[in-house]
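A quick write-up on the structure given underneath.
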Amino acid sequence: MKFKIAPSILSADRSNLQEEVNQIEPYSDLIHIDIMDGKFVPPITFQAEEIKKLKTKLEKDVHLMVIDPEKSFIPNFIDAGADIITIHSEACKDIPKTIALIRSKGVKVGLSINPPTPLSMIKPYLNDIDMVLIMSVNPGYAGQKFIPEVLTKIRELRKLKPNLDIEIDGGINKGTITEAVKAGANIIVAGSSIFNNPDRKQAIEDLKKAIKK
Ligand code: DX5
Ligand code: ZN
């Protein structure tokens with residue numbers, strides 16, 4: 001399976017976002033964009049207009065940590081050029097309807113679960129989505145500690161679905177990435193471990209090296 005690196009711009013310098021994206025672009029596969037509503041998680045992050053303005057060849061991987069995403073966030077981020085939209089199973093009233101809404105716009109669908117949420121919550125939808133996002137921290141903030149217990153869910157999911165994209169998000173660095181890919185994750189989100197290093201190329205190379213360990 002191809003491994004993909006998805007830097008999370010939550011940890012980037014927001015006043016200089018385009019330049020930050022330009023720096024990671026040559027070494028990355030997707031750009032991970034965390035959207036929060038102040039309700040599902042306390043912070044509020046990027047506005048759709050800011051994301052629409054970003055010029056990049058990378059796929060825009062939009063992670064919606066918001067309640068009732070179908071109301072405004074999904075249409076707004078489709079308009080902002082999202083290639084993948086991930087919704088949280090815990091935040092959606094009607095999961096099949098929301099998946100169908102995203103699909104109907106020709107955008108890929110991801111479904112996410114928080115660390116305490118069991119895999120059974122998303123099992124009914126695995127044939128209708130393009131990606132599962134397994135959170136390896138409780139969502140809301142960058143720079144938190146990796147929760148290794150989520151690896152059990154990744155192992156089980158990889159067995160069930162050998163070809164499904166499994167994204168892991170939270171606490172990924174050159175120490176934790178190895179066990180994440182061994183468990184079966186193939187799309188790797190990393191925020192602080194990339195953007196807290198002034199040498200972004202080196203930071204991403206370190207992650208890629210650790211994948212092969
Ligand atoms: C957390 C976000 C993550 C965050 C990861 O709620 O979903 O994408 O940016 O940051 P790190 O890699 O620093 O844990
Ligand atoms: Zn995220």
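On a predicted model such as this, the values are computed, not experimentally measured, just so you know. Every number for a ligand or one of its atoms is a count from 1 in the order of the listing.
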- prompt: Salt bridge or not for K93 and E70, using N-O below 4.0 Å?
  reply: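 Result for this pair is no, no salt bridge flagged.
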Answer yes if the side chains of [X] and [Y] hold a donor-acceptor pair under 3.5 Å, and no otherwise.
{"X": "N186", "Y": "D165", "value": "yes"}
{"X": "D34", "Y": "S8", "value": "yes"}
{"X": "N76", "Y": "K52", "value": "no"}

Run through all N or O atoms in ligand 1 and write down each protein N or O closer than 3.5 Å, as a pair with its distance.
from	atom 1	to	atom 2	distance (Å)
ligand 1	6 (O)	G140	N	2.7
ligand 1	7 (O)	D34	OD1	3.0
ligand 1	7 (O)	H63	ND1	3.3
ligand 1	7 (O)	D169	OD2	2.9
ligand 1	8 (O)	H32	NE2	3.4
ligand 1	8 (O)	D34	OD1	3.1
ligand 1	8 (O)	D34	OD2	2.7
ligand 1	8 (O)	D169	OD1	2.7
ligand 1	8 (O)	D169	OD2	3.0
ligand 1	9 (O)	S8	OG	2.8
ligand 1	9 (O)	D34	OD2	2.9
ligand 1	12 (O)	G191	N	2.8
ligand 1	13 (O)	G143	N	2.8
ligand 1	13 (O)	S192	N	3.0
ligand 1	13 (O)	S192	OG	2.5
ligand 1	14 (O)	G171	N	2.8

message: Check for me: within less than 2.8 Å of the Zn ion (ligand 2), which protein N/O/S atoms show up?
response: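 Per the 2.8 Å query on the Zn ion (ligand 2), atoms found are H32 NE2, D34 OD1, H63 ND1, D169 OD2.
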message: Testing the basics here: between S28 and P7, what is the closest heavy-atom pair and its distance to 0.1 Å?
response: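 S28 and P7 have their closest heavy atoms at OG-CG, 3.2 Å.
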message: Please give me the minimum heavy-atom distance between M36 and T45, naming the atom from each residue.
response: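 Shortest heavy-atom contact: N-OG1, 3.1 Å.
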task: Take the angle between the ring planes of F40 and H88 and call it parallel below 30°, perpendicular above 60°, tilted in between.
output: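 Taking H88 first and then F40, their aromatic rings sit tilted (interplane angle of 30° to 60°).
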Enumerate, atom names and distances included, each donor-acceptor pair closer than 3.5 Å involving a side-chain atom of residues 201-211, sequence neighbours excluded.
from	atom 1	to	atom 2	distance (Å)
Q202	NE2	D206	OD1	2.9
K208	NZ	Y27	O	2.9

Residues which pass side chain to side chain contact (heavy atoms under 4.5 Å, CB included) with N163, listed by chain and number, not counting sequence neighbours: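 Side chain to side chain contact (heavy atoms under 4.5 Å, CB included) check on N163 returns nothing, list empty.
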